[in-house]
Amino acid sequence: MRFKDVFSIIGPAMIGPSSSHTAGAARLGRIARQLLAEPPVRADITFYGSFADTYRGHGTDLAVVGGLLGYDTDDDRITDAFAHAKDEGLEIAIGRGSMAAIHPNTVTIRLSGTGGTMEMTGCSIGGGNVAVAAVNGFSVSFSGVSPTLVIQHTDRPGTIAAIATALEHGGINIATMTVDRKGRNGEAMSVLETDQPAGEDVLARLREWPAVLDIRIVYLAGETPKEGRA
Amino acid sequence: MNFATIAELAARCEEAGQTISAYMLAQQSLESGRSPAQERQQMAAYYDIMKEAVRRGITTDTTSRSGLTGGDARRVMAMLDGSGGDTSAGSHATRAMAYALAVSEVNASMGRIVATPTAGSCGILPGVLVSSQERYGWPDDRMVDGLFCAGALGYVIANNAFISGAEGGCQAEVGSAIAMAAGALVELRGGTPMQCAHAVGLALKNTLGLVCDPVAGLVEVPCIVRNGMGAVNALAAADLALAGVRSAIPADEVVGAMRDIGAAMPETLRETGKGGLAATPTGQRIAEALFGEERP
């Protein structure tokens, strides 16, 4: 199912004007920041399809940059995201791409920090919901709604079992899992959407496995309203 | 979720003797692992944001950043207090319309709203629910039920078709929102789950083929007015279903028709700002004036 629950239909709370082009774009930016795992200093943002045709009218560029700064969908600093980016030393380049996009609302974000780079392609599929389709050249599929482990590793027997065992020890249930590799015995990426966030003990156990090169955690929690009545 | 179609949802509710909202709440709680009370709390917080957006839209200046839109909700409200002439649609429909315009105008002016199911269609559910709450004196808790019912209906539509204009045109956004609001109102007014299903079918049929053609790519023209009139359509669809009118084509098949129509829609009419009203001489003049050579 592309849409998982009632709050993918009712929600998110957001700053207008478009859930696909603003809220979804902000979430994709935030996921990209989490994948880089450090404050970005340069972002190259390429829009495709409807994103490319209408990004200025919708403020999609502001929203992606707001997400890159870590803002939630209902953070009104999104409206001044470029100014905030400048203050935080984040250099932005925006472009429009014309390749056949995988979805009408697609963006590719290339990020550099002081420690490394990251490239992500994601789609805004409606109502603020997103689907990440590629990370660093690997095909993936995740939404950021659940705690997500993005594990870069070498393609070696036993790695998936090791990952599953580490999660089992932490009492963590795997909801979905995708694995992609660039070639036999080459680089690979496993993405696991889980029901509980992985604790430090689990992450430490994962890092001990020799084939594991890098772990990034994506989770869009904290966007839901904090107040309310039962 | 253990339902994938409107028919399944309605049948399970009728078997269990439950409303769609109660059924959805239980399913949601199972899915998230959170308690039903926590789920209700989040929905209640969303409803508070909707009510606040209505209030802002009818009491403050909602001129959008482009300057194209704003103030229409207040113009319509003036008809209700008697200062702006008489209504043709009757005060209840007019109030629902004004509130829907209000929330959409808040959205266009980059204010805080809840996507229901999207921002482009964010006026319809609050327009219908907040005005009905005032009319019938329902407590907020009851309105939370209405939102769970609407969410269940939208969940089926979203997974079997789409809810974004870029994928399926305005029928996917405003059309889905009207169907969700109509179904929710049927439940709130005491209708059966089957009547909710018919309301979805009846409502969705009336927006099939509606294209997404925002002038200058902005969620303003025609989106705001479509939200206002969409709220009135939702009231009408709920009345049809409550009167016992049935959707001759079952709701799930109407959703399927919407998906097929959306898939056949040219890209110019799917939120690219290139066709329909956006391509009219006035639409193009507006885009030119706002963005000049550098469109979009």
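Predicted, not measured: the structure shown is a model, and the values here were computed from it. A note on names: the letters A, B, ... follow the listed sequences, proteins ahead of strands, and every chain is numbered from 1.
Remark: side-chain polar atoms of His58(A) are not paired, donor with acceptor, to backbone N or O of Leu218(B) under 3.5 angstrom.
Counting heavy-atom pairs under 4.5 Å between each of Ser20(A), Ala175(A), Gly16(A) and chain B puts Gly16(A) at the top. By number of non-hydrogen pairs under 4.5 angstrom with chain A, the leading residue of Gly168(B), Cys223(B), Ala166(B) is Ala166(B). If you tally non-hydrogen atom pairs under 4.5 Å between each of Asn107(B), Thr118(B), Val219(B), Val114(B) and chain A, the highest count goes to Asn107(B). The greatest number of non-hydrogen atom pairs below 4.5 Å with chain B, out of Ser146(A), Ser8(A), Ala23(A), Gly11(A), is found for Gly11(A). Of the residues considered (Met43(B), Met24(B), Met1(B)), Met43(B) shows the highest number of contacts with chain A, using heavy-atom pairs under 4.5 Å. Ranking Gly151(B), Ala4(B), Ser64(B) against chain A, the residue ahead of the rest is Gly151(B), based on heavy-atom pairs under 4.5 Å.
Heavy atoms closer than 4.5 Å to chain A are found nowhere in Ile157(B), neither backbone nor side chain. For Met180(B), the part lying near chain A is the side chain, with the backbone staying farther off; criterion is any non-hydrogen pair under 4.5 Å. Both the backbone and the side chain of Met110(B) come within less than 4.5 Å of a heavy atom of chain A. Neither the backbone nor the side chain of Gln27(B) comes within less than 4.5 Å of any heavy atom of chain A.
Annotation for Ser19(A) and Ala115(B): closest pair CB-CB, 4.0 Å, computed over non-hydrogen atoms. Taking both residues in full, the closest heavy atoms of Ala158(B) and Ile9(A) are given as CB-CD1, 3.6 Å, listed atom of the first, atom of the second, then distance. Nearest heavy-atom pair, Ser50(A) versus Glu271(B), reported as atom, atom and distance to 0.1 Å: OG-O, 2.5 Å. What you find for Asp76(A) and Arg112(B) is that their closest heavy atoms are OD2-NH2, 4.2 Å. Of all non-hydrogen atoms in Ile163(B) and Phe3(A), the two that sit nearest each other are CD1-CE2, 3.7 Å. Ala13(A) and Ile49(B) make their closest contact through CB-CD1, 3.6 Å (heavy atoms, listed as atom of the first residue, atom of the second, distance).
Two residues are said to be in side-chain contact when any heavy atoms from C-beta on lie closer than 4.5 Å; Phe148(B) and Ile10(A) fail this criterion. Between Val6(A) and Glu31(B), every side-chain heavy-atom pair lies at or beyond the 4.5 Å cut-off. Annotation: side chain of Pro104(A) is not in contact with side chain of Glu267(B) (no heavy-atom distance under 4.5 Å).
The distance from atom CZ of Arg2(A) to atom CG of Asn160(B), rounded to the nearest 0.5 Å, is 10.5 Å. Gln28(B) CD to Phe7(A) CZ: the interatomic distance, rounded to the nearest 0.5 Å, is 5.5 Å. We find the CD-OG distance between Glu167(B) and Ser124(A) to be 9.0 Å, quoted to the nearest 0.5 Å. In this structure, Asp53(A) CG and Thr268(B) OG1 are separated by 10.5 Å, a value rounded to the nearest 0.5 Å. Expressed to the nearest 0.5 Å, how far OG of Ser164(B) lies from CD1 of Ile125(A) amounts to 8.5 Å. Note that the OH atom of Tyr155(B) and the CE atom of Met1(A) stand 4.5 Å from one another [nearest 0.5 Å].
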